[in-house]
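Inspection log for the structure reproduced underneath, given as structure tokens.
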2 protein chains.
Amino acid sequence: MAWDVAGTKRKILDAAAREFTQRGPDGTTMERIAKLAGVNKERVYNYFGGKHELFEIVLREKLAIIAEAIPVDSFTPEGIGEYAGKLFDYNYEHPDLVRLVLWEALSFPADVPEEQQRRDYYAGKTNSFGEAQTSGDLSAALPPEHLNFLLLALAGYWSVLPQVARMMTNDQSVAEVARRRASVVEAARRLAATP
Amino acid sequence: MAWDVAGTKRKILDAAAREFTQRGPDGTTMERIAKLAGVNKERVYNYFGGKHELFEIVLREKLAIIAEAIPVDSFTPEGIGEYAGKLFDYNYEHPDLVRLVLWEALSFPADVPEEQQRRDYYAGKTNSFGEAQTSGDLSAALPPEHLNFLLLALAGYWSVLPQVARMMTNDQSVAEVARRRASVVEAARRLAATP
DNA sequence: TTGATAACCAACGGCAACGTTGGATAATGA
DNA sequence: TCATTATCCAACGTTGCCGTTGGTTATCAA
């Protein structure tokens with residue numbers, strides 16, 4: 001039977017992603033990852049190093065996916081609303097990523113992988129907002145980097161504290177999710193609107 | 001030498017709060033808590049039960065403090081802005097609480113301590129918002145429970161993802177914190193404003 | 001003073017996790 | 001065919017943690 005190194009690595013990464021997402025770095029065991037991947041523990045160490053390295057690799061892979069990410073189509077209040085809506089959708093469809101980032105934020109507050117790259121990514125968006133403010137398409141009431149951040153907040157908080165969202169809305173139906181999205185879009189428009 | 005049961009309990013609770021805040025439920029060890037409290041491990045088990053119980057007790061105590069909480073003084077856009085500003089201040093001054101709640105959200109998504117009580121607390125605020133909308137003081141563009149939630153998002157996200165805030169603003173100075181606060185206040189006003 | 005109760009602690013058993021190792025099995029190239 | 005290299009895995013040593021226990025010291029009431 002032929003080797004399938006790439007396949008084995010993939011199975012390990014997928015299992016690791018599931019476990020880390022669910023239980024976090026400390027709650028996850030290498031034994032469990034190996035078992036879920038149908039692989040011997042030693043393979044995990046040999047391919048990916050220790051637990052911390054594996055967590056970082058998993059997180060990086062997921063971050064790379066979102067980096068493709070969500071573009072801002074138009075820098076008008078309407079466009080900003082749609083952007084926030086898409087952020088909301090993305091968070092809703094990928095609760096994994098939110099959880100991973102939170103685990104990382106709590107467990108390893110110091111080191112951010114690919115920090116420079118992410119800074120550049122955010123800076124690009126912020127600059128675009130800034131230009132749209134200068135040209136008068138967007139309100140300049142908020143500094144562009146704060147506008148950028150607060151849009152993430154509006155769209156992301158629902159996935160960060162789902163219990164609070166649940167307690168506050170008394171509802172978890174599909175219709176409620178649609179209402180939440182509409183509220184996020186409306187709120188984003190208001191942050192962007194010129195008087 | 002006289003017993004000091006209350007004092008011992010307090011020392012344990014304080015040490016536990018520090019450790020859980022820093023390392024989360026899985027990263028914290030009972031041994032370490034006992035050592036930090038200057039107490040034998042057995043005392044911890046005898047007074048507070050197992051690790052999970054202790055975590056819940058610590059979290060409840062902190063939540064009780066915030067339940068005193070932050071009132072909304074006036075239900076006008078200005079009042080809402082000030083409310084959001086105070087929420088921001090509270091989060092900024094008590095990063096412990098945010099971290100504890102996040103650990104809990106990630107580690108035990110199912111069980112929320114004092115759920116009914118917290119529901120009532122949120123419902124009270126939501127109702128007040130609803131009335132202010134009916135009377136025309138606040139915009140009715142957002143359902144009151146969503147307005148409530150989004151205000152928490154604007155004020156809280158900075159403490160939830162401090163690395164992202166740092167990368168996006170390239171600044172951690174006291175002045176930047178004040179700017180962030182101002183942006184939160186302005187954003188909250190905009191969510192509340194009538195046209 | 002003495003007996004009962006409650007606070008305290010050192011040491012332990014058991015277990016689960018980390019990371020490793022020594023050897024077996026498959027692939028490859030000469 | 002045989003030597004070499006890479007993949008794989010069962011079993012192991014070690015560590016660290018959970019939760020408990022057996023016994024000691026302090027307090028207090030009779």
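Chain letters run A, B, ... following the sequence lines, proteins first, then strands; residues in each count from 1.
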task = Return the set of residues passing side-chain contact (heavy atoms from CB on, under 4.5 Å) with B:Asp73 (not counting sequence neighbours), or none when no residue passes.
result = B:Pro71, B:Lys86
Counterpart residues, side-chain contact (heavy atoms from CB on, under 4.5 Å), relative to B:Gln172 (two or more places apart) = B:Arg166
key: Within residues 19-45 of chain B, residues whose heavy atoms come under 4.0 Å of DNA chain C   = B:Asn40, B:Glu42, B:Arg43
key: Rounded distance (Å) that lies between atom C1' of D:dC18 and atom NE2 of B:His52   = 15 Å
query = If you find the nucleotide of DNA chain C closest to B:Asn46 and the one closest to A:Gly50, which residue's nucleotide is nearer the 5' end?
reply = B:Asn46
query = Taking only residues two or more places apart in sequence or in another chain, which ones pass side-chain contact (heavy atoms from CB on, under 4.5 Å) with B:Pro143?
reply = A:Ser183, B:Glu145, B:His146
request  = With sequence neighbours left out, write down each residue that passes side-chain contact (heavy atoms from CB on, under 4.5 Å) with B:Thr29, or none if nothing qualifies.
outcome  = B:Glu31, B:Arg32
ask   = Please, which pairs that meet ring-ring contact (aromatic ring centres under 6.0 Å, His included) have at least one residue in residues 6-27 of chain B, sequence neighbours excluded?
value = B:Phe20-B:Phe55
request  = Send over the distance from A:Phe55 CZ to C:dC18 C1', rounded to a whole Å.
outcome  = 18 Å
